[in-house]
Undergrad: 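Have a look at this one.
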There are 2 protein chains.
Amino acid sequence: MPIDTHTRSTNSVLQVLSPKENLRLSMLSEQVDLTYGDVLCEPGKTLRHVYFPNSGIISLLTPLDGHDSVEVGLVGREGMAGIGLFLGSSVSPVQMLVQGSGIATRMKAASFRNEIKRNPVLQRELNRYLYAFMAQVAQTAACNRHHLLEKRLARWLLMTHDRARSNEFHLTQEFLAHMLGVRRVGVTRAAGLLQEKNLISYRRGNITILDRKGLERASCRCYEAVNDLRDSMLN
Amino acid sequence: MPIDTHTRSTNSVLQVLSPKENLRLSMLSEQVDLTYGDVLCEPGKTLRHVYFPNSGIISLLTPLDGHDSVEVGLVGREGMAGIGLFLGSSVSPVQMLVQGSGIATRMKAASFRNEIKRNPVLQRELNRYLYAFMAQVAQTAACNRHHLLEKRLARWLLMTHDRARSNEFHLTQEFLAHMLGVRRVGVTRAAGLLQEKNLISYRRGNITILDRKGLERASCRCYEAVNDLRDSMLN
DNA sequence: ATCGCTATGTGGGCTGGCGCACAGCATAAA
DNA sequence: TTTATGCTGTGCGCCAGCCCACATAGCGAT
């Protein structure tokens, strides 16, 4: 694989590394396509790789009672998927599902484990990311209990928007329902309300963000809370 | 403070340390009482200490829309409260509330930060705990979305039972409602159902576990799922 | 013994989200 | 053009959990 400026990662975690360390990691990793619908790891299975998305979005889903599952976290270019390997476990409790196509820097489990041992900068950065991610999950737990679907949907769209490169992305209501842990019909109604307010428009699986500010107002504070914590760690 | 066998911690994280390391940590820490109702840290405030409970239970609550809040995790002698300091942040996103009285080994933020830098065993153990804890939070997020109150209450009682030393503990329905993010009336009904089945009995804030196995059957699988993951990390 | 506080029990009306069923309607393939 | 398939919209009955209000019951203190 050619190593040039184009392989320089746009992933936030990798970006803090020095050019030298970055080069080193490039050689230990490969660029892979994330394709909508791909499952990178099933729950309970061995984590073979870690993924640092440069673009695209990965959903983490916790299985429930067999076939049901709910999204508990979202990973974009701000983070990494496969946290277990960082924390000393090779089993993933969650399903890793590609929710938006893109490209990720992928590293084999062994290489990654070896790398974090000798790279304190990467370690530190992953610790910070981990904390922000935990806050995201915790907020989701609380949000799931208390907030109405319309607000949760707005929050979810904002989080996706942050990690997508464009104002438009492919998401059917069926898929959204799965992520939010509600029925499709519920999403139809909630999305209808957001569309009535001219905050979004959707058409056969393609959602467009029309009014970002308005959507923020329509969402619950959870969105803001998670972002605030992340920002507070950047100093 | 006297250092003898009585100060030898019963906290699971500290227990994996060698006697020598343990002694070292004893000198850097103090034993403090955890008193029911104490708030060890408010959300958004600076973490001044970490707590390794030897007995007692600490609830972690995520604030929501001002005054509301929901429990997202439980810490007993299997873990540590103040994870942020381990991950490089000194701000707590959650409220730390003592839910069951006991004793904890407490360490100042600076001492702790210094200690983890030089103690890879402690680091490794905290990583493992962290992963189990994240799974707990993620499962809670999913559970909050899908499971009926009665099952969630059963799960919560089991988790508390695991961390308490006895079959009986003080918990008003009002408090339970707060933890579970529901109304007191809801808890009255759910607890009534569990009592009808002779799984628990309660009387003016004192709950007694009568049938542990039965309670496990009455709870959702989330309880089992979290425990399974923790166990799977012990090999 | 009385008062007051805390904890628990009950009832009525409301609504968000659920399950089920079916009716458009667009795009792609035949 | 037709057919199939995938995505979206609607209607109906149901129920868990909501809010509000009030009724009892144990328990401590003056």
Undergrad: State, to 0.1 Å, how close B:Ser29 and B:Thr105 come at their nearest heavy-atom pair, and which atoms those are.
TA: OG-CG2, 3.4 Å

Undergrad: Taking side chain to side chain donor-acceptor pair (under 3.5 Å) as the definition, give me every residue that meets it alongside B:Asn167, ordered by chain and number, with sequence neighbours left out.
TA: B:His161

Undergrad: Measure all distances between protein nitrogen or oxygen atoms and nitrogen or oxygen atoms of nucleotides 15-21 of chain C, and list the pairs falling under 3.5 Å.
TA:
unit_1 : atom_1 : unit_2   : atom_2 : d
C:dG17 : OP1    : A:Leu149 : N      : 2.8
C:dC18 : OP2    : A:Arg183 : N      : 3.3
C:dC18 : OP2    : A:Arg183 : NE     : 3.4
C:dG19 : N7     : A:Arg183 : NH1    : 2.7
C:dG19 : O6     : A:Arg183 : NH1    : 3.4

Undergrad: Take nucleotides 24-30 of chain C nucleotide by nucleotide from the 5' end and write B, S or -, depending on whether a protein heavy atom sits under 4.0 Å from the base, only from the sugar-phosphate, or from neither.
TA: --BS---

Undergrad: Is it the case that over 12 heavy atoms from other parts of the model lie below 6.0 angstrom from the NZ atom of B:Lys197?
TA: yes

Undergrad: Cut-off 3.5 Å, no hydrogens considered: what does the side-chain donor-acceptor table look like for residues 176-186 of chain B, sequence neighbours left out?
TA:
unit_1   : atom_1 : unit_2   : atom_2 : d
B:His178 : NE2    : B:Ser69  : OG     : 3.2
B:Arg184 : NH1    : B:Thr188 : OG1    : 3.3

Undergrad: By side chain to side chain donor-acceptor pair (under 3.5 Å), which residues pair with B:Lys45, not counting sequence neighbours?
TA: none

Undergrad: Could you tell me if the side chain of B:Glu168 sits less than 4.5 Å from the side chain of B:Ile209, heavy atoms only?
TA: no

Undergrad: How long is the line joining CG of B:Leu176 and P of C:dA7, in whole Å?
TA: 12 Å

Undergrad: Are A:Asp162 and A:Arg230 close enough for a salt bridge, meaning some N to O gap below 4.0 Å?
TA: no

Undergrad: Should the pair A:Arg106-A:Asp33 be classified as a salt bridge under the 4.0 Å nitrogen-to-oxygen rule?
TA: no

Undergrad: Any side-chain heavy atom of A:Phe175 sitting closer than 4.5 Å to one from A:Leu97?
TA: yes

Undergrad: Inspect the contact between A:Glu150 and A:Arg155 and indicate whether a charged nitrogen and a carboxylate oxygen are less than 4.0 angstrom apart.
TA: no

Undergrad: What is the 5' to 3' range of DNA chain D, first to last nucleotide, that sits under 4.0 Å from any heavy atom of chain A?
TA: D:dG6 to D:dC18

Undergrad: Would you please confirm or rule out a distance under 4.0 Å between OP1 or OP2 of C:dG9 and any side-chain N or O of B:Gln173?
TA: yes

